[in-house]
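First the structure, in the form of structure tokens, and then the observations on it.
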Amino acid sequence: MADSLKALREYLTRHHGGDGHQAAQRTLEGHARNHDERFRTFWQKHAEPAIRPGGQVVDLGCGPGLFLRDLAEARSDLTLTGIEAAPYMLEHACDDEYDFSIRVADLNDPPADLFAAGSIDVALANRLFHELHQPLLLLQKLHVWLKPGGVLILIDMVRQPLGSFLTHKFGRDRLDEPLDARAIAALFEDYFEHNRYHDSDLLALLAMTGYEILADQEIRSGRAVQIAARKPA
Ligand SMILES: C[S@@+](CC[C@H](N)C(=O)[O-])C[C@H]1O[C@@H](n2cnc3c(N)ncnc32)[C@H](O)[C@@H]1O
């Protein structure tokens, strides 16, 4: 295995709390919540019109692939491809049972030939960007891979003030009792890892790499956003 993939996998295991299989389990259990009615409405409005019959949809950072499974059941005409790097996510994947495939690649610096130029109708990046060391190279390459008029649906956590993060985590706004040092250190690490970008940072990166914004919607009480961006036709 290349040293860079090994280093990425070590980073992801740390980011996912040190226990990959538990992280995969959480991703499986969170699937319905993370692809809920609000997601489906956004997808129907902004992604579906860009998917041509027989087209290609890609899930970047697809985890165990449940979104692709759902899409495979609904649209048998599409080529469905997931990209994933964490071995524990791949072990829980159901790509043998359904009509989609998962490729292993590092989306921090994906190979230019991961997809052919102009071959993707719609790409989804659902809670991937905060896990990347930087998303700029992916945005540049994706711009080449998308068809003209192709759409990126980008969903992620965004920056929030430390106070509202702590209030949300503890479920209260006073913290005057003794706290466990290790748990609090882990909580602050979690804060910094999930508070990478403002909504406006993501919009700036998209504009600088040639995308036009179709929609930008705050979700989860402002703790996350869903953005639809298009490669101009
Ligand atoms: C928070 S999970 C979300 C999974 C899935 N998109 C969902 O919504 O259920 C992010 C996924 O992106 C993958 N990932 C993170 N960084 C990656 C990278 N550099 N290359 C490939 N996959 C990556 C992780 O392993 C993880 O499965």
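Counting starts at 1 for both ligands and their atoms, following the listed order. Worth knowing before you read on, the calculation uses all heavy atoms, side chains too, and leaves out hydrogens, waters and symmetry mates.
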Requested in this report: Please state which part of His31 comes within less than 4.0 Å of ligand 1, counting heavy atoms only: side chain, backbone, both or neither.
Outcome: neither
Query raised in the report: Which protein non-hydrogen atom lies closest to atom 6 (N) of ligand 1, naming both residue and atom, and how far is it?
Result: Gly61 O, 2.8 Å
Query raised in the report: Is a donor on one side and an acceptor on the other found under 3.5 Å between the side chain of Asp59 and the backbone of Leu68?
Result: no
Query raised in the report: Tell me, which protein residue and heavy-atom name are nearest atom 23 (C) of ligand 1, and how many Å apart are they?
Result: Leu128 CD1, 3.7 Å
Report task. Please confirm whether the backbone N or O of Pro148 pairs with a side-chain atom of Lys231, one donor and one acceptor, at under 3.5 Å? Result -> no
Query - Stepwise salt bridge (Lys or Arg N to Asp or Glu O under 4.0 Å) check, Glu177 with Arg172 - result: CA-CA 12 Å; Glu177 75 285 12; Arg172 59 185 186 277; 2.2 Å; yes
Query raised in the report: Quick one: which ligand 1 atoms are inside 4.0 Å of a heavy atom on Ala86?
Result: 25 (O)
**Report entry** Heavy-atom nearest neighbour in the protein, as seen from atom 15 (C) of ligand 1, with distance rounded to 0.1 Å
**Finding:** Glu131 OE1, 3.2 Å
**Report entry** Residue portion contacting ligand 1 (non-hydrogen atoms closer than 4.0 Å) for Leu66
**Finding:** neither
Query raised in the report: Any donor and acceptor pair, going by atom type alone, linking the side chain of His168 with main-chain N or O of Ser164 inside 3.5 Å?
Result: no
**Report entry** Atoms in ligand 1 flagged as close to Asn108, the criterion being non-hydrogen separation under 4.0 Å
**Finding:** 19 (N)
Requested in this report: Mind telling me whether His92 and His21 have parallel, tilted or perpendicular rings, with 30° and 60° as the class edges?
Outcome: tilted
Query raised in the report: Would you call His35 a ligand 1 contact, heavy-atom distance under 4.0 Å?
Result: yes
Requested in this report: Could you list which atoms of ligand 1 come closer than 4.0 Å to a heavy atom of Ala105?
Outcome: 20 (N), 21 (C)
Report task. Tell me which part of Leu8 gets within contact of ligand 1: side chain, backbone, both or neither, using heavy atoms under 4.0 Å. Result -> side chain
Report task. Answer side chain, backbone, both or neither: which part of Asn126 comes under 4.0 Å from ligand 1, heavy atoms only. Result -> both
Query raised in the report: Can you find an N/O atom of Thr27 closer than 3.5 Å to an N/O atom of ligand 1?
Result: no
Query raised in the report: How about Asp216: does its CG atom have over 12 heavy atoms from other parts shown lying under 6.0 Å from it?
Result: yes
Query raised in the report: So, the side chain of Asp77 versus the backbone of Pro53: is there a donor-acceptor pair under 3.5 Å, distance only?
Result: no
Requested in this report: Could you please spell out the steps behind the side chain to side chain contact (heavy atoms under 4.5 Å, CB included) verdict for Phe67 and Asn126?
Outcome: CA-CA 10 Å; Phe67 175 69; Asn126 195 347; over 6 Å; no
Report task. Please indicate whether any nitrogen or oxygen in Arg127 is less than 3.5 Å from any nitrogen or oxygen in ligand 1. Result -> yes
Requested in this report: Measure Leu12 to ligand 1 on non-hydrogen atoms and call it side chain, backbone, both or neither using the 4.0 Å cut-off.
Outcome: side chain
Report task. For atom 22 (N) of ligand 1, find the nearest protein heavy atom and state the residue, atom name and distance (0.1 Å precision). Result -> Ala85 N, 3.5 Å
Query raised in the report: Can you say whether the rings of His143 and Tyr211 are parallel (under 30°), tilted (30 to 60°) or perpendicular (over 60°)?
Result: perpendicular
**Report entry** For Met89, atoms of ligand 1 separated by under 4.0 Å from a heavy atom
**Finding:** 27 (O)
Query raised in the report: Identify the closest protein heavy atom to atom 18 (C) of ligand 1: which residue and atom is it, and at what distance?
Result: Leu107 N, 3.6 Å
Query raised in the report: Are Asp36 and Arg38 within salt-bridge range, i.e. N to O under 4.0 Å?
Result: yes
**Report entry** Plane angle bin for Tyr98 and Phe100 - parallel if under 30°, tilted between 30 and 60°, otherwise perpendicular
**Finding:** parallel
**Report entry** Heteroatom distance test (Glu84, ligand 1): nitrogen or oxygen, under 3.5 angstrom
**Finding:** yes
Query raised in the report: Is a side-chain N or O of Arg9 found less than 3.5 angstrom from the main chain of Ala85, in a donor-acceptor match?
Result: yes
Query raised in the report: Below 4.0 Å from any atom of ligand 1, is there a heavy atom belonging to His133?
Result: no
Query raised in the report: If you measure from each heavy atom of Asp106 to ligand 1, is any distance below 4.0 Å?
Result: yes
